[in-house]
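Residue numbering restarts at 1 for every chain, and letters A, B, ... go by the order of the sequence lines. Atom set for the values below is all heavy atoms of this structure, side chains included, hydrogens, waters and symmetry mates excluded.
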Number of protein chains: 2
Amino acid sequence: MLHIVPDIDTSEALTERQKAVLDAALRLLVEEGDQLTMTAVARRASCSKETLYKWFGDRDGLLTATVQWQASKVRVAQVDGKGLDLASLTASLERFASDWLQVISSDTSIALNRVAVGHAGSGKDNLGAVVLENGRFALARRLKPVLEAGRQAGLLDFADAETAFRTFFGLVARDVQIRLLLGDRLELTEAAIGGDAARATQQFLALHGAKTGPQGL
Amino acid sequence: MLHIVPDIDTSEALTERQKAVLDAALRLLVEEGDQLTMTAVARRASCSKETLYKWFGDRDGLLTATVQWQASKVRVAQVDGKGLDLASLTASLERFASDWLQVISSDTSIALNRVAVGHAGSGKDNLGAVVLENGRFALARRLKPVLEAGRQAGLLDFADAETAFRTFFGLVARDVQIRLLLGDRLELTEAAIGGDAARATQQFLALHGAKTGPQGL
DNA sequence: GACGCGCCGTACCGTACGTTACGGTTCGGC
DNA sequence: GCCGAACCGTAACGTACGGTACGGCGCGTC
């Protein structure tokens, strides 16, 4: 009922050592933000700067590789639509919502998004596109089949899956991500996330749940 | 029925010349993002670096002043709740939604948020707090009285104004801001914004509009 | 019309950091 | 045991940029 599949194989030919280096860079990114230096990465990863440049070309290459490396680790649960009833649909939606809130409130996601947002301004690289592709769009790819299945099963009612997805997204994320990115302290406990996921799911069902009885409008 | 009031008077003792300099800095910020240099600002504003440092202290001071200067210009419409009926409530909500989408999709807002997000990582200054205070929180301060008035008038039904506001916020903004910040091209025409504002308002009313007939749950 | 003040333009200083170069060490292959 | 490749640690280089100093100029004041 629930299995994990990578979107794109971005782990192309990365040795264990290289992954370790990228993990070090990632930790540094979380701690220091975009002003991490090549020297700091080399020291933290116990490798030479020469190696960093040989492997990743330049600073932007290292940053890109780091972001892709982390992005390749973010997986959203995938659910198939067999034997769908209201209970399992609700559970699936709540799980998506919960996973997503968990992701966007994690230190790693915040740091990565901060860097990507910063770089999106000066269009040197496409960190923003990478983050978007592995975040928001990956989520949509996973969720839409569930929505479609829900519609097939007569549980949901909507015209356009993309629009329905965006409504769900808005109900789940609300102002959380932008507030976190802007530095607002916003403690999201496990319980709060669960509650928000349930609320968002109920709201979504209220908007797009198929009417059971006869209904105008 | 609709008047404009500043939140905080941050235009404290800014001469016209200083405002012009900040406008130049702002334009540069929109064009070049955070890697704008003091030299560039001085050249664009036709002033000397010495003056910049005398007026704003250092680079962060200039950035902060620029952000506050722009923030002080962003005003969300204020609406009072007299003679509220469903039509005027709907119109108010749509106007809020439309204004907000207009703001967050503007080049200026995107540039400012990018800078603020970047700086929120390395907590040197509080640009993030400034942006948040004049954006998301200012919106809440303006909208909540309308929601409360709607509840008083028996048009809306919700337990907590803050939660209701966040729901509305989510329905309006959805994934727009994060996508724009991450560099996604996302053309928001006047018409599209109007449509989204109407849709979000209708969804909000569907969730929180007071039930007219007898109704369980 | 001399003086002082505020500001422009620009040259200059110091530093941080990206990038490169190089000597020393480990290690697998023969 | 020797060779070369890969890599570590560090020193060195070049540059961009934040910050400062200084000469010149317009302008209000006496």
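A straight line from OH of B:Y53 to C1' of C:dC12 spans 13 Å, rounded to a whole angstrom. The distance from atom CZ of B:F56 to atom P of D:dG19 is 14 Å, rounded to the nearest whole Å. With rounding to whole Å, A:D58 atom CG is found 17 Å from C:dC17 atom P.
For the OP1/OP2 pair of D:dC8 and a distance below 4.0 Å, the side-chain nitrogens and oxygens of A:R17 include at least one atom meeting the criterion. Distances shown here put a side-chain N or O of A:W55 below 4.0 Å from the OP1 or OP2 atom of D:dC7.
The CG atom of A:L188 sits 10.5 Å away from the CD atom of A:E190 when rounded to the nearest 0.5 Å.
In this structure, the side chain of A:R114 engages the main chain of A:L181 through a donor-acceptor pair within 3.5 Å.
Between A:D34 and A:R59 there is a salt bridge, with a side-chain nitrogen of the basic residue lying less than 4.0 Å from a carboxylate oxygen of the acidic one.
Using a 4.5 Å heavy-atom cutoff, the side chains of A:F96 and A:V172 are not in contact. Put simply, the side chain of B:D196 reaches to within 4.5 Å of the side chain of B:R174, judged on heavy atoms. Side-chain contact between A:F158 and A:L207: absent, with no pair of heavy atoms (C-beta onward) separated by less than 4.5 Å.
For CG of B:D58, the number of neighbouring non-hydrogen atoms (other residues, nucleotides, ligands) closer than 6.0 Å is greater than 12. Crowding of A:D60 atom CG: a count of heavy atoms from other residues, nucleotides or ligands under 6.0 Å exceeding 12.
DNA chain C lies under 4.0 Å from at least one heavy atom of each of the following residues of residues 34-52 of chain A: A:L36, A:T37, A:M38, A:K49, A:E50. Within residues 20-33 of chain B, no residue approaches DNA chain C, by heavy-atom distance under 4.0 Å.
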